[in-house]
Amino acid sequence: MRLANRIALILGAGVAFATPVAFASAASPSEHARAAAALADIKIAITTIMAAENGTTSGPADYVQAAQSAINALVGSKDPAFDPHVPNPGDATGSMGQVNALLDQTATPPYVPALHGVQINELAAVAYLQEAVKARGLNAFQTASSSALENLEVAEGRTSQYDVLGGMLGAIANTTLAVPDGAPTADGCAAPKAVGYGIHHGWLVWHAVKPGALSIPATGTASVKKENGMLVLYTAAAPMVQHHCATHAAAAAVVRPVAYTPPVKRPTLLIEAAAHTAASAALYTAAQAASGKAVFATNCASCHGANLQGVAAPAIAGTEFLKTATSNKYTVSILNTIVTQNMPLNNPGSLKPAEYASVMAYLLASNCYPAGKTPFPTSPGANFGTAIVGVQAHPAGTPDKLGVCPVN
Ligand code: HEC
């Protein structure tokens, strides 16, 4: 199944620097605390499953309980998948609850794409663990739990080996998620003058400590220098951010750490329906959609169905998909992250950038988005602003009875 080393690069030349956001009056847990809790729960799930897989003497009752404990750690006690009747039942929020809370804000700090990746990998892990709970026999258990482990390893991330924003670890190592509540911060574009964290537009550039003050963490630190009598740990994101500092010197004047913003008040149903009527931005060319149809047939149709209506996997076009997209608040950026990072589910990252772009064009066309003159970009981290995936106000073409627009 999914290989951890296939994790897609989400950073690139086209990475967007989010507008800095003012401090919120933070009565809720800090983003650092939420991220640490989310990571801790992923680790608990991994060690619980591994212990069950390695325990040669353990019988069905033990490994089924282990899979359920892992589910609990991920989903939290308010989720229907939670079951309190196992040892170490977990807590109220669970890893996914913490990740959702971090994503549930109006700002888009740089960790957002990484956390979308974490989210979808956790969802897939829970689905496999639910299979593991139902498994009859050790073999079936191991097949399901190994797949869950692969998803969880991607969700956990390996900053030393993979892209700087790989999984929870990568996001924590390179963004404001690293900064404990109340810790001193400074402009990440400037050289460190005192102990603390150097931040620029939500990215962590450096962490300055007194020599001997802490053992240097193995992950997340790309280089260590002695400056001003301090040890300065530079992140993997530092070179990219420093380049941005040099070219946007003026923008650096307004750097503030991105603070957790409480969820926005839910609008009324009427306004919400209007807000989710997608703007008909022309995001791809007709030629791309046509070649994307062939890419889809080869790489996606086996699971999602020839007409995109879902077979082994959910529908990804039409009324049913747009309901999911609306309730999950999918933007084109999120959809692009899901497809380029996680699909095809049995071999993520295996398509060429141009193939991913054309299959995205095919998905947009099938969801009745209009074609235009600008091709869909090949960068997995491309930013589509606030383009929402939803029902088109003026569909391009006539949707069939399932709400899918045919593509020729
Ligand atoms: C081996 C089966 C498989 C293949 C092949 C596959 N997918 Fe998926 N896909 C899934 C499953 C299962 C899910 C649901 C995962 C989840 O909910 O965590 C999914 C989810 C998605 C979603 C999100 C749907 C939603 O409701 O959130 C999109 C979009 C998607 N796939 C697109 C693609 C594209 C494009 C391809 C081909 C490049 C592809 N998939 C290939 C199994 C597959």
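Atoms within each ligand, like the ligands themselves, are counted from 1 in listed order. Each residue takes its place number in the sequence, starting with 1.
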Item to check | Best match, A297, C300, A125: closest heavy atom to atom 36 (C) of ligand 1 | outcome: C300

Checklist outcome for this item: Checking heavy-atom distances from atom 28 (C) of ligand 1 to each of L308, N299, I316, the winner is I316

Close-contact set for ligand 1 against [X] heavy atoms, below 4.0 Å:
{"X": "V339", "result": "29 (C), 32 (C), 35 (C)"}
{"X": "L123", "result": "18 (O)"}
{"X": "P344", "result": "5 (C), 6 (C), 41 (C)"}

Next on the checklist: Does only the side chain of Y356 get under 4.0 Å from ligand 1, or the backbone, or both, or neither? Count heavy atoms.
Outcome noted: neither

Checklist entry - Hey, is L335 touching ligand 1 through its side chain, its backbone, both or neither, going by heavy atoms under 4.0 Å? => result side chain

Next on the checklist: Quick check: T324 and ligand 1, any N/O pair under 3.5 Å apart?
Outcome noted: no

Checklist outcome for this item: Here the N/O/S atom of H304 closest to atom 8 (Fe) of ligand 1 would be NE2

Checklist outcome for this item: Note: N174 and A237 closest approach over all heavy atoms is OD1-N, 3.1 Å

So, do [X] and [Y] sit near enough that their side-chain heavy atoms are less than 4.5 Å apart?
{"X": "I49", "Y": "L152", "result": "yes"}
{"X": "V126", "Y": "V75", "result": "yes"}
{"X": "C300", "Y": "V295", "result": "no"}
{"X": "L129", "Y": "L74", "result": "yes"}

Next on the checklist: For the backbone of H200 and the side chain of D187, can you confirm whether one donor and one acceptor N or O come within less than 3.5 Å of each other?
Outcome noted: no

Next on the checklist: Using only atom types and a distance under 3.5 Å, with no angle test, would you say the side chain of N336 pairs donor to acceptor with the backbone of V332?
Outcome noted: no

Item to check | Min heavy-atom dist Y330 to ligand 1 below 4.0 Å | outcome: yes

